[in-house]
Amino acid sequence: MKTKQIIYLSTLALAITFTSCKKDKPDAPVSTTTSAATYDNGVFITNEGPFGSGTGTVSFYSRSSSTVVNDIFQSKNSYPLGNVVQSMSVFNGKGYIVVNNSGKIEVVDAGSFASGGVINGLTNPRYFLGITNDKGYVSEWGAGGVAGAIEVIDLNTKTITSSIATGKGAEGMVKSGNNVYIACSGGNDNDSVVTVINATTNAIVKTINVGTNPKSIQVDANGKVWVLCIGQWNGSYSALVKTGKLVRINTTADTVDLSLPFASTSSQPSNLVINSTKTSLYYSYNGKVYAHSSTASTLNSTAIINRNFYGFGIDPTNDYFYGTDAGDYVSKGKVLRYNTTGVVVDSFTVGVIPGNFCFK
Amino acid sequence: MNLFKIGLFVCLFLYAFLGYAQVRVDSVKQLSPIEVSSSRLTKFSSGNKTETLDSTLLNRYSARNLADLLSNESQVFIKSYGLGSLATTSFRGAGASHTAVLWNGFNLQSPMNGLLDMSLVPVNFLNEVKLQYGGAGALWGSGAVGGTIHLNNSATFNKGISVMANTSLGSFSDKQEQVSIEISKKRIISSVKLFDHDAKNNFPFINTAQYGKPEQKQSNAELKQYGFLQENYFKINLRQKINTRFWYQHSDRNIPPSMTQNVNVSNQKDESFRVTTEWERKGEKLQSIFRSAYFDENLLYSDSLINLRSKSRTNVFITEAENRFSITKFDLINIGINNTYSRANTKDYTSDPKQNRTAVFASYKIHSTKNTWNSVLSARQEFINNKAVPFTTSLGLEGQLLKYFVVKANAAQHYRIPTFNDLYWAQGGNPDLKPEKGWSEEASLIHKHAYKAFSWELGATVFNRNIDNWIIWLPNEYGIWTPENVLKVWSRGTEYKLKLNYLLGNFKVQLSGMYNYVLSTNQKSTTVNDASLNKQLIYVPVQNGQGNATISYKGTSLSYTQIYTGYRYTLSDNTEYLKPYTIGNLSIAQLFSLKTSKIKVYATLNNIWQEAYQVIAYYAMPLLNYQVGLTFYFNQPNGNTGL
């Protein structure tokens, strides 16, 4: 009797075990990772990737077919991009993808996305700017996140040829005339300058004081340079001791000719972008997106989009506003497209923590 | 010669002298029962699934850390960032801070992040590890959500001198020494355990995350650790006992880069001082226990690449008093009070936080005359800085059924208070956070039997658990990262265990197997159209299992363990995952018995099937690696050689 019971109950336990072994393998990811032949007429979205470990990715949104293809780098080249994909620029048919924490730039064919080599030896690189057929600039925070520099790259050999020390935390770059203007964001510290470099000689022309922690930079139709200073927190991060500022530089004299301070001591402005005619700037502030005409001398008090985005960009072909939503930061994020009147057109899923756009 | 080595020398000298005196005094030895501190676990936990990793098993892992032990020998999932790197636990699909780790009853979870790095606990400092699955907030307070790990020390009076000395060498320049010396007299026991560990951990691996998939050597992974545990046990009289413990440990580790990073130059130094004392009086009617502890933990994390130098220090004072008595012969009552005072000092907080927690707890146990059935009702009310946290209860039942079966059932409330990081982090810390809380339920059926030379045990458990107000960090409308009580996590699953022993004379065969099936899903949206809704939490394997076969004959033992870890999602929308892996570890030991001493020679081969795997995405793990060692035992109680 006892033995019978034992056998019965043991069999029952085993039966439960095996019936509970249901299909374990997860469903294949739904994303369309079939590599398209060429990536033309569209938008590259750089996705930073999960924090700490992991890899960032690049997604491509095609304007003509209104479809998105995710993780196009790995599906073409069979290895991941690296840790924290910061930004991407297309220059002379090549894509330069800046991978921050891996300290490198992956160079790809901008059409096929086939790997065309790596620029190594960078420390906390942020953005790439093509200068001539043979030369490019990379802004970087440098060692300790405070030794800001522009690394001059030989685009043929993909090596660093020289290094130009700038203010701390070299970030956004823009070219106006023959000069390159670099916003020095402070990196892991604070700074308040825009370093101006002659693009031919690589020499520093001037260092302009603009306001605390200038981060994004744009050039308008008149060749004037706009800088968004994000301000500075107090020691306990409870209030801004220096509030944000939108600053305009007259590039003839390389002096500040307009400085518009933000009132808030709890919100930093961020993400300065410009439209196709280079007459209207957009930035986020207080959890909203504001527009600013390049001829206006006061800040707008009404927002054009009442929500916050992790990153955004303006499509130069139709002035659509692209904003990113990183969700919970550990799942695939979204891109939302808005028309020029601030109405949502559509949205699509991209990679983890979408941060920057590269319009092609 | 560093301070540690001088200390080691002095200790050895001192003990050699004391030992000499001891040999003469205690010529006649007699067995007396082991003096285990009377934890609430044995007397007042009922219905929870428990697992005991005894001294024999611990001895096999004496040159390893707690993370290695648990990942090989238990059903707890260990999330490891690599060889010697941070390792945290997940019980039944809960988070890392949902495991209470109690060292002789004192909670070791950091008040700053709620964690204890399992790779920093040397196995040779422990005499017993008990794993209590399921929530037990009423018994252990905050953090006992997924499960509780009990790290216990014990000693036996009147055993004379015993010595254990081990030296081992392993792959990737791993060098270790362990020494334990114990002097046990009629009324006093004094012991010291030391360890010293150096490793380069520069293992080769194929970096599939880099162009051309190059073979690389792990960089910046060196570690240097040492420490000691000194214990004293006194029998004041027949009724009263007192013990003291002092655990010092120093760890200096470099943090290796992940496969997608090119360089990492960061370093982490941990230093801890832990002092405890426990007094116990066992009267005829009343048993009283009074224990207190002081922990001083220091951490320095530096990363010159990002100019980071983060120093932190925490002090924790724990005082606990308990009284046990019976009204009838069918019951046992426990009433206690716990005060935990924590403070932290770091530049990452605006000011130095101080937290005063007082909890009153009580348990009522009712049992049958032969103690074959029992049921325990427990309750706990905690106050943090005089503010009440949720009242917590539990009800458990266990008993024998049909002679060969044991049934267990438990329903318990659990909670976890927000950590200092959650509350006070300089930017984003949220002082208004509520504790996470919820219910867990479980039922087990265990069958145990022995027949001739065979004995076996089969166990099956089903569990269910809800955690509300689960804290996660997300950016607020201004883009500032801040923690909120948002998630609602539902975990449920089944666990199976099988053990078969065959013992005939000197020939012993042990077979064991474990299998878990755990679903742990998020039940609440954090954002609009949240794709993580109803999806499995990241880094929680749905399935894992392991099997072990050990054969021993006289002094020779051969053991093989195979561990399977199933798919783990790396994104909360479950669109990306890590592939399952199977690890096989083989160990061989030969014991040579001399007159009063024994010598063990052993070799362990880990990952013999050369599985290239990742526990955390893009963190490389070593392929085949080995450890060989030599252990000397003098006068060790039987079974303490790990064979």
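Between chain B and the residues A:S270, A:G142, A:G54, the largest count of heavy-atom pairs under 4.5 Å involves A:G54. Between chain A and the options B:S304, B:A209, B:S258, the largest number of non-hydrogen pairs under 4.5 Å is found for B:A209. Among A:P80, A:G103, A:A143, the residue with the largest count of heavy-atom pairs under 4.5 Å with chain B is A:P80. The residue among B:S532, B:A531, B:P475 with the most heavy atom pairs within less than 4.5 Å of chain A is B:P475.
Using a 4.5 Å cut-off between heavy atoms, A:T55 touches chain B through backbone and side chain atoms alike. For A:N83, the parts lying under 4.5 angstrom from a heavy atom of chain B are both the backbone and the side chain. For chain A, no part of B:K579 is nearby; none of its heavy atoms comes within less than 4.5 Å. Contact of A:K334 with chain B is made through the side chain alone, with heavy-atom distances under 4.5 Å. Only the side chain of B:Y619 comes within less than 4.5 Å of a heavy atom of chain A; its backbone N, CA, C and O stay farther away. Only the side chain of A:N124 comes within less than 4.5 Å of a heavy atom of chain B; its backbone N, CA, C and O stay farther away. Proximity to chain B involves both the backbone and the side chain of A:S78, based on heavy atoms less than 4.5 angstrom apart. Only the backbone of B:N476 comes within less than 4.5 Å of a heavy atom in chain A; its side chain stays farther off. Neither the backbone nor the side chain of A:W141 comes within less than 4.5 Å of any heavy atom in chain B. Both the backbone and the side chain of A:V330 come within contact range of chain B, each with at least one heavy atom under 4.5 Å from a heavy atom of that chain. With a 4.5 angstrom heavy-atom cutoff, A:N286 touches chain B via backbone and side-chain atoms both. Using a 4.5 Å cut-off between heavy atoms, A:P50 contacts chain B through its side chain alone, with no backbone atom that close. Residue B:Q614: no heavy atom, backbone or side chain, is found under 4.5 Å from chain A. Looking at A:N100, there are no atoms closer than 4.5 Å to chain B (heavy atoms on both sides), in backbone or side chain. Within the 4.5 angstrom heavy-atom criterion, no atom of B:W425 approaches chain A.
Aromatic pair B:Y496/B:Y517: centroids not less than 6.0 angstrom apart. For A:Y310 and A:Y329, the ring centers are positioned less than 6.0 Å apart.
With hydrogens and angles disregarded, a donor-acceptor distance shorter than 3.5 Å links the side chain of A:D191 to the backbone of A:K168.
Within the 4.5 Å cutoff, the side chain of A:S115 has heavy atoms near those of the A:Y79 side chain.
Ion pairing between a basic and an acidic side chain is recognised when a charged N comes within 4.0 Å of a carboxylate O; A:E140 and A:R126 show no such pairing. Salt bridge absent: B:K49 and B:E442 never bring a charged side-chain N and a carboxylate O closer than 4.0 Å. A salt bridge does not link B:E495 to B:K497: none of the charged nitrogens lies less than 4.0 Å from a carboxylate oxygen. Salt bridge status for A:D346 with A:R337: present, with a side-chain N to carboxylate O gap under 4.0 Å.
The ring-ring contact (aromatic ring centres under 6.0 Å, His included) check on B:Y424 picks up B:F420, with sequence neighbours excluded. Here B:F463 pairs with nothing under the ring-ring contact (aromatic ring centres under 6.0 Å, His included) rule; sequence neighbours left out.
For the residue pair B:T521 and B:Q523, a side-chain donor N or O sits within less than 3.5 Å of a side-chain acceptor on the partner.
In terms of heavy-atom proximity, A:A263 sits nearest to A:Y285 at N-OH, 3.5 Å.
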